[in-house]
Amino acid sequence: MNRNIQQIEKTIQAALKISHRDKNSVTLVCVSKSVDLETTQQVVDLGIHQLAENRVEKLLHKKSELVSNEPLVWHFIGNLQRRKVKEIINEIDYFHALDTLKLAGEINKRAEKDISCFIQVNVSGESSKQGIRPEELDGFIEALQEFSKVKVVGLMTMAPFDSSNEELRNIFRTLNQLKQSIEMKQLSYAPCHELSMGMSGDFEIAIEEGSTFVRVGSSFFDKEEKEVEER
Ligand SMILES: *Cc1c(COP(=O)(O)O)cnc(C)c1O
């Protein structure tokens with residue numbers, strides 16, 4: 001796994017260099033949803049402190065069991081049911097999938113502090129994807145103003161699995177443009193400086209297009225690595 005992490009970090013640095021960006025301008029978030037507690041502990045022991053999960057119970061379990069010499073930063077990705085908001089919302093640092101006002105209302109009601117949220121945008125228009133449509137974004141942000149504990153730190157998107165590199169680039173570039181248009185409004189509740197985009201298959205392109213949070217899962221845990229270690 002150490003080798004995988006080194007490879008991911010090398011790729012991140014190369015993408016930052018190509019796009020003339022600062023070395024520390026991307027946060028690598030490890031998506032540990034597909035691995036158990038022990039494997040997640042190994043990742044933490046290797047110095048990764050940003051973790052993402054997409055199930056409430058799993059996140060809470062890992063959060064209570066993991067041992068770390070530095071505070072862990074918790075990200076919730078994926079669909080969050082409204083009835084589960086109260087269990088999780090004060091346990092996380094970032095929520096990456098805000099896409100309805102009802103959910104924003106529930107978060108606002110249950111939050112004991114400001115909650116850093118990414119609005120999930122369905123840039124590609126793929127019907128199976130969560131997220132609001134780009135043309136709804138301005139109105140959505142305006143409506144969020146009434147929820148004082150919901151802080152819009154940025155936008156998030158997922159590209160369709162089968163996108164070509166050109167399509168990926170277009171999707172990420174579009175999200176970046178949307179982000180900039182909101183940033184320019186200088187809203188105190190929606191600074192919107194961040195972009196959560198890029199997964200194992202596409203984080204290099206996402207960084208070249210301005211991503212500041214990459215959500216990488218399978219690249220940490222793929223099997224080739226194990227074989228190398230066992231040799
Ligand atoms: C699973 C998941 C990821 C990580 O995907 P990999 O391809 O394993 O890197 C990132 N973001 C979201 C929202 C996910 O559900």
Side-chain angles (χ1 to χ4, degrees), residues 1 3-12 15 26-37 39-40 42-44 46 48-59 62 72-81 84-85 88-89 92-100 103 115-132 152-165 167-169 171-172 175-176 179 194-226:
M1 188 150 29
R3 197 176 289 236
N4 288 356
I5 295 174
Q6 284 171 9
Q7 188 55 51
I8 294 164
E9 283 175 345
K10 207 166 131 190
T11 306
I12 291 174
V26 167
T27 300
L28 170 60
V29 179
C30 173
V31 178
S32 52
K33 66 184 182 191
S34 63
V35 298
D36 61 10
L37 178 65
T39 309
T40 312
Q42 286 173 25
V43 175
V44 172
L46 289 167
I48 301 292
H49 299 109
Q50 307 269 343
L51 297 173
E53 291 283 337
N54 64 350
R55 294 275 180 270
V56 169
E57 290 75 14
K58 207 164 172 191
L59 189 150
K62 286 185 181 175
L72 296 174
V73 178
W74 286 98
H75 301 256
F76 194 89
I77 56 174
N79 187 34
L80 176 59
Q81 289 170 295
K84 298 250 170 116
V85 167
I88 194 83
I89 206 67
I92 60 176
D93 300 287
Y94 293 93
F95 177 53
H96 288 251
L98 183 59
D99 65 353
T100 67
L103 187 55
I115 307 298
S116 296
C117 298
F118 287 88
I119 297 175
Q120 184 164 358
V121 184
N122 182 353
V123 179
S124 66
E126 198 187 28
S127 60
S128 62
K129 285 272 182 294
Q130 307 256 327
I132 65 166
V152 180
V153 295
L155 303 182
M156 177 274 200
T157 199
M158 275 173 90
F161 192 61
D162 55 358
S163 304
S164 67
N165 283 356
E167 285 163 341
L168 288 169
R169 214 171 271 286
I171 289 167
F172 296 146
L175 195 74
N176 196 349
K179 181 211 84 158
E194 311 296 342
L195 281 170
S196 169
M197 56 189 199
M199 316 189 352
S200 291
D202 56 22
F203 69 89
E204 194 171 357
I205 293 176
I207 291 169
E208 288 173 20
E209 296 301 332
S211 175
T212 60
F213 284 80
V214 289
R215 311 175 311 269
V216 180
S218 42
S219 291
F220 276 87
F221 307 112
D222 72 23
K223 288 212 186 68
E224 279 169 47
E225 162 74 7
K226 276 196 193 121

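All values below come from the heavy atoms of this structure, side chains included, with hydrogens, waters and symmetry mates left out. Note that ligands are numbered from 1 as they come in the structure, with each ligand's atoms numbered from 1 the same way.
- Atoms of ligand 1 found under 4.0 Å from any heavy atom of V216, numbered from 1 in the order shown, are 9 (O).
- Contact atoms of ligand 1 toward S200: 6 (P), 7 (O), 8 (O), 9 (O) (distance under 4.0 Å to a heavy atom of the residue).
- In this model, a donor atom of one side chain and an acceptor atom of the other lie less than 3.5 Å apart for T212 and E194.
- Set against the non-hydrogen atoms of R215, the atoms of ligand 1 under 4.0 Å away are 4 (C), 9 (O), 10 (C), 11 (N), 12 (C), 13 (C).
- With V56 as the fixed residue, the side-chain contact (heavy atoms from CB on, under 4.5 Å) test singles out one of I92, L80, V85: L80.
- In this structure, the protein non-hydrogen atom closest to atom 13 (C) of ligand 1 is M158 SD, 3.6 Å.
- With hydrogens left out, the protein atom closest to atom 8 (O) of ligand 1 is S218 N, 2.8 Å, a heavy atom.
- Remark: ligand 1 and G217 share an N or O pair separated by less than 3.5 Å (distance only, no angle test).
- Residue D202 is tested with N165, I171, L168 for a side-chain contact (heavy atoms from CB on, under 4.5 Å); the sole match is L168.
- If you check which protein heavy atom lies closest to atom 1 (C) of ligand 1, you get K33 NZ, 1.4 Å.
- Ligand 1 has no atom lying under 4.0 Å from any heavy atom of N54.
- Between M197 and L175, the closest heavy-atom pair is SD-CD2, 3.9 Å.
- Atom 5 (O) of ligand 1 has M199 CE, 3.4 Å as its closest protein atom, hydrogens excluded (heavy atom only).
- Although no hydrogens or angles enter the test, the distance criterion places a donor-acceptor pair under 3.5 Å between the side chain of T100 and the main chain of L103.
- By the 30° and 60° cut-offs, the orientation of the rings of F118 relative to Y94 is tilted.
- Interatomic distance, F95 CZ to I89 CD1, rounded to the nearest 0.5 Å: 6.0 Å.
- Scanning all protein heavy atoms for the shortest distance to atom 12 (C) of ligand 1 gives I77 CD1, 3.6 Å.
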